[in-house]
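Because only heavy atoms are used, hydrogens play no part in the values below, and waters and symmetry mates are left out as well, while side chains stay in. Convention: sequence-line order gives letters A, B, ...; per-chain numbering from 1. Bear in mind the structure is a predicted one, so any value in this text is a computation, not a measurement.
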Number of protein chains: 2
Amino acid sequence: MGNIRAPFRSQCDNSHAMDARFPPSSTESPWLPFESRRRARDEKREAVLRAAVQLFLEQGYHRATLNDVAKRLNITKPALYNYFRGKDEILFECWSIGHELVDECIAETSAGVGSGLDKLRKLTIRYAELMTTDYGKSLVRFDLRDLSEHNRKTVQTAKRRIDRAFRDYIAAGIADGSVKPCDPKLAAFAIAGSLNWIGHWFQPGGELTGRAVAEEFAIRLTDGIAKGTTRKKADKPPRKGNASREDRSEHHTRTAAGAAGQSKRTRGRLR
Amino acid sequence: MGNIRAPFRSQCDNSHAMDARFPPSSTESPWLPFESRRRARDEKREAVLRAAVQLFLEQGYHRATLNDVAKRLNITKPALYNYFRGKDEILFECWSIGHELVDECIAETSAGVGSGLDKLRKLTIRYAELMTTDYGKSLVRFDLRDLSEHNRKTVQTAKRRIDRAFRDYIAAGIADGSVKPCDPKLAAFAIAGSLNWIGHWFQPGGELTGRAVAEEFAIRLTDGIAKGTTRKKADKPPRKGNASREDRSEHHTRTAAGAAGQSKRTRGRLR
DNA sequence: ACTATTTATTACCCATGGGTAATATACGGG
DNA sequence: CCCGTATATTACCCATGGGTAATAAATAGT
């Protein structure tokens, strides 16, 4: 508990037992164990954000401590305050980066040509892929209420921009006939919600790449409101990898039913 | 700060300025200001859960304190420990109630008759409506990592039951021809994700009732994978077996996929 | 080298909030 | 009316973790 860090760290951290003069990975901390810290300020600031967003996602904002963030960067907590005012500002910056990325998606999609449906598909793919990245997940996994009043309003405004892009494309699609008549607001909620949820379950390194998920979702979701049955050739049910690794869906539909029975709201034990 | 509660509360709480002998609302606390506390234990336990789930949803689990929960019930924090071992157990019980409710949905849906698509629609409606309730929101707004190891496993198991119900119905629908060929796993993620997100944005008292949202979502989402354009303009899904199995194939080669370029990860500035 | 500035470190502060101990009050049964 | 049990209350404990003050080490300029 006492020694967060030995003064001259005679003993190396040894979580990476190799020559310490070079970082073992390109995504490592720019603070090499002790000496040779001469990188530019902005690089360090971004490194803090990378470490923070990872930790916030891994552990959750409230369980991740600034000591944890600092330790991952080979520094100590007060050093973080050279770059940020406090924990909530770090959180806000994660969000800001996410919003910059999504704003790029919207801008490029809007700049392109095509029907409302085309643009909706394009945005869906880009947004879905963003949801498989750390800063994309920031947009949907963190809690607005952890921000200061001012920053919260900023984020809410950015969130509204995203929602409006989806709605506008849907409305445009209805107008140009590429999208079934529907309520743009609810349809946007349905699509964006599905995409946002990717940020909750997707884990890189699984059997699916972010791009594959994005394309599959774009088909599945837009087909729901596309006028006319866009029937893909065989869609890709037996596509690239094998799906049935974790798909023990051979159990029949009668699962779970028996156990539930009545809602016995007599949950009365304890002690 | 000092006086959480006056010993004999000569001054009434006066947030409800009426005769204090009867609760002003049916959803009020069973602990009337001070005397006449003789209700059954289970009722009080459930009242704690109702207050807790509301507060956890309003403020977030970590910001909501047990003092807050107790205050809302006209009691003090240690009294809660007569009914629960700790904060995380309260959270777990909220989750448990939610899972009982959703297990009922699955059981009733599975017990019914109809094609895979019919069952998928039925479950979608029920699940969507559940997502507009407090205990339904518990399922998607709270964080597994706040639970003890043992309780976390219980919840994860229950979550897997939900996922499998969706997958099974989709797989059954593919088998009986009511659902387009697709990857059941991803399709279930897409649908369930969209529904889960309802728990994040829906607020009772808005312009839409839970039921209306549920029915609209059921149409919007299942149409995405239903084979044949089930063309029901006048939002009246509660019919069974209207899935016209006619396959109006109309080609529409997919575009959109390849167009998404590389996102320039060259974010230069950042203060 | 000397000095100013930046950037890190050690050693704290302290508000928060979950949880507990000791104790008081209500209630039900004899 | 008295006592045992259940259920509340007051008054604490204390681990956690965000944040700060004082200070030391590295860096850049001259």
Side-chain angles (χ1 to χ4, degrees), chain A residues 1-10 29-45 47-48 52 55-56 59-92 146-148 268-271, chain B residues 1-9 29-45 47-48 52 55-56 59-71 73-92 146-148:
Chain A
M1 199 81 79
N3 53 350
I4 300 293
R5 238 173 116 262
F8 273 90
R9 68 170 43 225
S10 48
S29 160
W31 287 277
L32 305 190
F34 202 20
E35 72 287 359
S36 78
R37 290 167 184 156
R38 59 195 67 195
R39 315 264 208 187
R41 178 181 176 86
D42 284 356
E43 257 178 83
K44 292 184 184 169
R45 209 181 127 100
V48 172
L55 257 159
F56 291 170
Q59 321 227 357
Y61 177 71
H62 287 100
R63 272 172 300 278
T65 73
L66 290 185
N67 277 327
D68 293 336
V69 175
K71 201 175 300 178
R72 193 169 280 204
L73 294 164
N74 296 324
I75 56 175
T76 55
K77 178 176 61 173
L80 298 174
Y81 285 82
N82 280 315
Y83 304 99
F84 300 95
R85 271 189 222 283
K87 197 185 183 189
D88 62 324
E89 186 178 287
I90 296 179
L91 184 71
F92 172 71
D146 289 315
L147 298 176
S148 68
R269 55 274 153 74
L270 178 67
R271 261 182 218 183
Chain B
M1 201 74 80
N3 53 350
I4 300 292
R5 242 174 112 260
F8 272 87
R9 66 169 47 224
S29 161
W31 287 277
L32 303 189
F34 200 24
E35 72 286 1
S36 79
R37 290 167 183 157
R38 59 194 67 197
R39 313 265 209 185
R41 179 183 174 86
D42 284 356
E43 258 178 81
K44 292 184 184 167
R45 208 182 128 99
V48 172
L55 255 160
F56 291 170
Q59 322 230 356
Y61 177 71
H62 287 100
R63 273 172 300 278
T65 72
L66 290 185
N67 277 326
D68 293 336
V69 175
K71 202 175 299 179
L73 293 164
N74 296 323
I75 57 176
T76 54
K77 177 177 61 173
L80 298 174
Y81 285 82
N82 279 314
Y83 305 98
F84 300 95
R85 272 191 223 281
K87 196 186 184 189
D88 61 325
E89 188 179 285
I90 296 179
L91 183 71
F92 172 71
D146 289 315
L147 298 177
S148 69

All N/O contacts under 3.5 Å from nucleotides 19-22 of chain C to the protein, with atom names and distances to one decimal?
unit_1	atom_1	unit_2	atom_2	d
dG19(C)	OP2	Y81(B)	OH	3.0
dG19(C)	OP2	K87(B)	N	2.9
dG19(C)	O5'	Y81(B)	OH	3.3
dG19(C)	N7	K77(B)	NZ	2.9
dG19(C)	O6	K77(B)	NZ	2.7

Can you check the [X] [atom1] to [N] [atom2] distance for me, whole Å?
X: R41(A); N: dA28(D); atom1: CZ; atom2: C1'; result: 16 Å
X: L80(A); N: dG17(D); atom1: CG; atom2: C1'; result: 13 Å
X: N67(A); N: dT10(C); atom1: CG; atom2: P; result: 12 Å
X: H62(A); N: dG17(D); atom1: NE2; atom2: C1'; result: 12 Å
X: N82(B); N: dA26(C); atom1: CG; atom2: P; result: 16 Å
X: F84(B); N: dT7(D); atom1: CZ; atom2: P; result: 13 Å
X: R45(A); N: dA8(C); atom1: CZ; atom2: P; result: 13 Å
X: D146(A); N: dG18(D); atom1: CG; atom2: P; result: 11 Å

>> Mind checking if A70(A) touches a base, just sugar-phosphate, or nothing, with heavy atoms under 4.0 Å?
In response: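 Nothing: the residue A70(A), judged by heavy atoms under 4.0 Å, touches no strand.
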>> It should be established whether Y61(A) places a side-chain nitrogen or oxygen under 4.0 Å from OP1 or OP2 of nucleotide dG18(D).
In response: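 Checking dG18(D) against Y61(A), no side-chain N or O comes under 4.0 Å of OP1 or OP2.
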>> Checking D68(A) now: which residues fulfil side-chain hydrogen bond (donor to acceptor under 3.5 Å, both in side chains) with it, not counting sequence neighbours?
In response: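 Listed in chain order: T65(A).
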>> With a 4.5 Å cut-off on side-chain heavy atoms, are L66(B) and I90(B) touching?
In response: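 Yes, side chains in contact.
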>> Quick one, D88(B) and D146(B) - any side-chain contact, counting heavy atoms below 4.5 Å?
In response: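 No, too far: nothing below the 4.5 Å cut-off.
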>> Tell me if a side-chain donor or acceptor on R63(B) pairs with a main-chain N or O of Q59(B) at a distance below 3.5 Å.
In response: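 Yes, because the side chain of R63(B) sits within donor-acceptor range (under 3.5 Å) of the backbone of Q59(B).
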>> Taking Y61(A)'s backbone N and O only, do any of them form a donor-acceptor pair with K87(A)'s side chain (distance below 3.5 Å, no angle check)?
In response: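 Pair found, side chain donor or acceptor close to backbone of Y61(A).
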> Between dT7(C), dT7(D), dT9(D), which one does the side chain of K44(B) approach most closely?
Replying inline: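 Within the option list, the nearest is dT7(D).
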>> How close do L55(B) and A64(B) get, counting heavy atoms only, and between which atoms?
In response: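 Nearest pair, atom of L55(B) first, then A64(B): O-CB, 3.9 Å.
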